[in-house]
Amino acid sequence: ESALHKAAEAVAEKTAPILTPGDRAELHRKMGGLLERSGEDRAALKQYRAALQLDETNTRNRISLGVGLCAAGLPQQALPLLTPLAEPSAAPKENASKLELVTFALGLYTLALAMEENGYLEDALTQYSRAAQTADRPRRFPRCCRGRDRRDGARTEAGTNARSPGRGTP
């Protein structure tokens with residue numbers, strides 16, 4: 001175990017009594033991002049799993065774990081985790097914020113990647129298309145990001161914001 005991993009565990013343990021489960025989940029997700037960026041995939045996945053266990057209703061926790069699993073070469077584990085995003089009821093509401101849209105687009109993109117890696121090519125194509133459509137909702141993006149650049153901007157922002165600051169897309 002690295003010093004960063006030990007510090008993450010200590011922070012989680014010390015703050016557990018004073019934080020709500022949702023706040024603890026966010027802390028675990030952010031620590032997972034730090035660990036993943038430092039190359040500690042196994043420790044990062046542990047943090048992402050803890051985040052999801054604490055708050056299963058937060059889509060960002062599910063997506064973070066799914067992205068981490070795909071990045072670690074485990075798309076077969078990401079597939080059942082992300083499949084609920086394919087349900088029509090999972091789609092963001094019409095008045096969803098920009099962050100909600102790009103986060104959901106990242107989730108669909110990661111689901112598509114997991115499907116592709118598991119041999120479900122037609123389903124993957126459908127989800128890649130849905131991800132692009134979600135990211136392209138024109139009224140949600142600033143004027144500078146219209147046209148072809150919107151998808152790239154959405155993916156960059158989703159990767160940055162979905163899990164923790166400074167994280168790029170898989």
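What's counted below: heavy atoms across the whole structure, side chains too, no hydrogens, waters or symmetry copies. Note that the structure is a prediction, hence the values are computed from the model and not measured.
- The minimum heavy-atom distance between Cys70 and Leu113, with the atom names listed, is CB-CD2, 4.1 Å.
- Atom-to-atom distance recorded for Leu111:CG and Asp123:CG is 8.5 Å, nearest 0.5 angstrom.
- With Asn118 contributing its side chain and Ala114 its backbone, the two residues share a donor-acceptor pair below 3.5 Å.
- Contact record, Met31 with Gln47: CE-OE1, 3.6 Å, taken as the closest heavy-atom pair.
- Of the N and O atoms on the side chains of Arg130 and Gln127, at least one donor lies less than 3.5 Å from an acceptor on the other residue.
- The hydrophobic clustering, which links ILVMFWY residues whose side-chain heavy atoms are closer than 4.5 Å, places Leu65 and Leu54 apart.
- Distance NZ/Lys30 to CG/Leu27: 8.5 Å, rounded to 0.5 Å.
- Under the side chain to side chain donor-acceptor pair (under 3.5 Å) test applied with Tyr48, the options Gln53, His28, Glu36, Arg29 reduce to a single match, Glu36.
- Closest heavy-atom contact between Ala91 and Phe104: CA-CZ, 3.7 Å.
- Ser64 places a side-chain N or O within donor-acceptor distance of the main-chain N or O of Arg60, the cut-off being under 3.5 Å.
- Looking only at distances, a side-chain donor or acceptor of Glu100 sits under 3.5 Å from a matching main-chain atom of Ser97.
- Legend: residues meeting side chain to side chain contact (heavy atoms under 4.5 Å, CB included) with Asp55, ordered by chain and number and at least two apart, are Ala25, Thr57, Asn58, Asn61.
- Taking CE from Met115 and OG1 from Thr110, the interatomic distance works out to 12.0 Å, rounded to the nearest 0.5 Å.
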Which atom pairs, donor and acceptor, lie under 3.5 Å between side-chain atoms of residues 76-87 and protein residues at least two apart or in another chain?
residue : atom : partner : partner atom : Å
Gln77   : OE1  : Arg49   : NH2          : 3.1
Thr83   : OG1  : Leu79   : O            : 2.5

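- When side chains are defined from C-beta on, Pro75 does not count as touching Leu69, because their heavy atoms never get closer than 4.5 Å.
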